[in-house]
Colleague: 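Quick one: the structure is below, and I'll ask about it shortly.
Remember, predicted model here, so these are calculated numbers, not experimental data.
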Amino acid sequence: MSIVRMDTGTRMSSIVIHQGTVYLCGQVAKDKFADITTQTQTMLEEVDALLAQAGSGREQLLSCTIYLKDMQDYDAMNAVWDAWVPQGHAPARACVQAAIAEPEYLVEISVIAALRG
């Protein structure tokens, strides 16, 4: 049972792969001072890049947990999310309101996906 860790630092790895499953560390926006729409777009761009690096993609999403600083941003975040997730490939998903490590961030996501078969 090998475990592959990519971009490993002191606290975490950006990607962990085990038994055909890809786990991504929490992803946030490239610009923490942007609005919720831009933060969601650039956060999902980061997810795309990490999934590609791991040998996975949007069609292989299994589960996503989305953390919103404020549930008033739910509809705006979902507008970006709905356009990003391929039709027929929606993962199991939870969305919760939470304090995020840096207060400027409005959204963060944790992703689990399968490797491409």
Side-chain angles (χ1 to χ4, degrees):
M1 283 202 215
S2 69
I3 299 172
V4 176
R5 299 174 199 282
M6 299 177 168
D7 302 326
T8 300
T10 303
R11 291 191 179 135
M12 68 182 142
S13 297
S14 294
I15 302 166
V16 175
I17 303 170
H18 181 252
Q19 293 188 336
T21 304
V22 177
Y23 303 87
L24 302 184
C25 68
Q27 294 301 303
V28 293
K30 293 177 185 174
D31 180 0
K32 64 184 177 182
F33 299 106
D35 64 11
I36 186 63
T37 298
T38 303
Q39 282 200 24
T40 303
Q41 289 167 338
T42 63
M43 173 190 74
L44 294 174
E45 288 171 6
E46 293 294 315
V47 170
D48 280 335
L50 289 171
L51 288 173
Q53 182 181 346
S56 186
R58 295 180 202 176
E59 293 81 11
Q60 287 75 38
L61 292 172
L62 299 173
S63 177
C64 297
T65 303
I66 299 171
Y67 306 93
L68 283 175
K69 180 177 179 177
D70 188 334
M71 277 298 184
Q72 290 187 4
D73 289 332
Y74 185 76
D75 291 338
M77 178 277 298
N78 272 327
V80 177
W81 173 265
D82 292 345
W84 181 78
V85 174
Q87 188 171 6
H89 296 278
R93 189 186 103 163
C95 184
V96 299
Q97 183 170 323
I100 300 174
E102 293 186 43
E104 297 84 8
Y105 286 114
L106 304 176
V107 62
E108 182 172 352
I109 190 169
S110 179
V111 173
I112 300 171
L115 288 173
R116 284 193 177 109

Colleague: Would I15 and L24 satisfy side chain to side chain contact (heavy atoms under 4.5 Å, CB included), going step by step from the backbone distance to the final call?
Modeller: CA-CA 5 Å; I15 302 166; L24 302 184; 3.8 Å; yes

Colleague: First locate atom CD1 of I36, then atom CD of Q41, and finally report the distance between them rounded to the nearest 0.5 Å.
Modeller: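 The CD1 atom of I36 sits 10.5 Å away from the CD atom of Q41.
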
Colleague: Taking the side chain as everything from C-beta on, heavy atoms only, tell me whether V107 gets closer than 4.5 Å to I66.
Modeller: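 Touching, per the 4.5 Å side-chain cut-off.
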
Colleague: With heavy-atom distances below 4.5 Å as the criterion, would you say the side chains of W81 and R93 are in contact?
Modeller: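 Side chain of W81 against side chain of R93, heavy atoms only: contact under 4.5 Å found.
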
Colleague: side-chain contact (heavy atoms from CB on, under 4.5 Å) with P91: which of V111, I112, V85?
Modeller: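 Exactly one candidate clears the test, V85.
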
Colleague: Side chains of L106 and D70: closer than 4.5 Å at any heavy-atom pair?
Modeller: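 Counting from C-beta outward, L106 and D70 never come under 4.5 Å.
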
Colleague: Is any side-chain heavy atom of W84 less than 4.5 Å from a side-chain heavy atom of T40?
Modeller: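 The answer is no; the side chains never approach within 4.5 Å.
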
Colleague: Do the side chain of S110 and the main chain of T65 share a donor and acceptor less than 3.5 angstrom apart?
Modeller: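 No; judged by distance alone, with no hydrogens or angles, the pair does not exist.
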
Colleague: Could you tell me if the side chain of Q53 sits less than 4.5 Å from the side chain of S14, heavy atoms only?
Modeller: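 Contact flag for S14/Q53 side chains = no.
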
Colleague: Answer whether the closest heavy-atom distance between the side chains of L68 and Y74 falls below 4.5 Å.
Modeller: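 Sidechains of Y74 and L68: in contact.
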
Colleague: Is there a side-chain contact between L44 and I109 (heavy atoms, below 4.5 Å)?
Modeller: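 They are in side-chain contact.
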
Colleague: Does R116 reach the main-chain N or O of S56 with its side chain, forming a donor-acceptor pair under 3.5 Å?
Modeller: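 It does hold such a pair.
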
Colleague: What is the minimum heavy-atom distance between H18 and S2, and which atoms define it?
Modeller: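 H18 and S2 have their closest heavy atoms at CD2-O, 3.5 Å.
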
Colleague: Decide whether L62 and I17 are clustered together by the hydrophobic rule: side chain heavy atoms of Ile, Leu, Val, Met, Phe, Trp, Tyr closer than 4.5 Å, transitively.
Modeller: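 Cluster IDs for L62 and I17 differ.
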
Colleague: How close do V28 and E46 get, counting heavy atoms only, and between which atoms?
Modeller: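 Shortest heavy-atom separation between V28 and E46 comes out as O-CG, 4.1 Å.
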
Colleague: Please evaluate residues Q97 and K69 with respect to the criterion side chain to side chain contact (heavy atoms under 4.5 Å, CB included), reporting the C-alpha separation (whole Å), side-chain torsions for both, the decisive distance (0.1 Å), and the verdict.
Modeller: CA-CA 6 Å; Q97 183 170 323; K69 180 177 179 177; over 6 Å; no

Colleague: When clusters are formed by joining ILVMFWY residues with side-chain heavy atoms under 4.5 Å apart, either directly or through shared neighbours, do Y67 and L61 land in the same one?
Modeller: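 Per the 4.5 Å side-chain linkage, Y67 and L61 are not co-clustered.
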
Colleague: Any side-chain to backbone donor/acceptor pair from Q27 onto C25? Under 3.5 Å, distance only.
Modeller: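 Yes.
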
Colleague: Indicate if M77 and V47 have the same hydrophobic cluster label, given that clusters are the connected sets of ILVMFWY residues with side-chain heavy-atom separations under 4.5 angstrom.
Modeller: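 Yes, M77 and V47 fall within the same hydrophobic cluster.
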
Colleague: Checking D35 side chain against T38 main chain: does a donor-acceptor pair fall under 3.5 Å?
Modeller: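 Yes: the side chain of D35 pairs with the backbone of T38.
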
Colleague: Nearest heavy-atom pair of C95 and M71: which atoms, and what distance?
Modeller: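 Closest approach of C95 to M71, heavy atoms only: O-CE, 3.5 Å.
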
Colleague: Do any N or O atoms from the side chain of Q60 and from the backbone of L115 form a donor-acceptor pair under 3.5 angstrom?
Modeller: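 No, because the side chain of Q60 does not come within donor-acceptor range (under 3.5 Å) of the backbone of L115.
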
Colleague: Less than 4.5 Å apart, side chain to side chain, heavy atoms only: is that true for Q39 and Y105?
Modeller: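 Yes; the side chains approach each other to less than 4.5 Å.
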
Colleague: Shared ILVMFWY cluster between L51 and M6, side chains joined below 4.5 angstrom?
Modeller: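 In one cluster with L51: M6, yes.
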
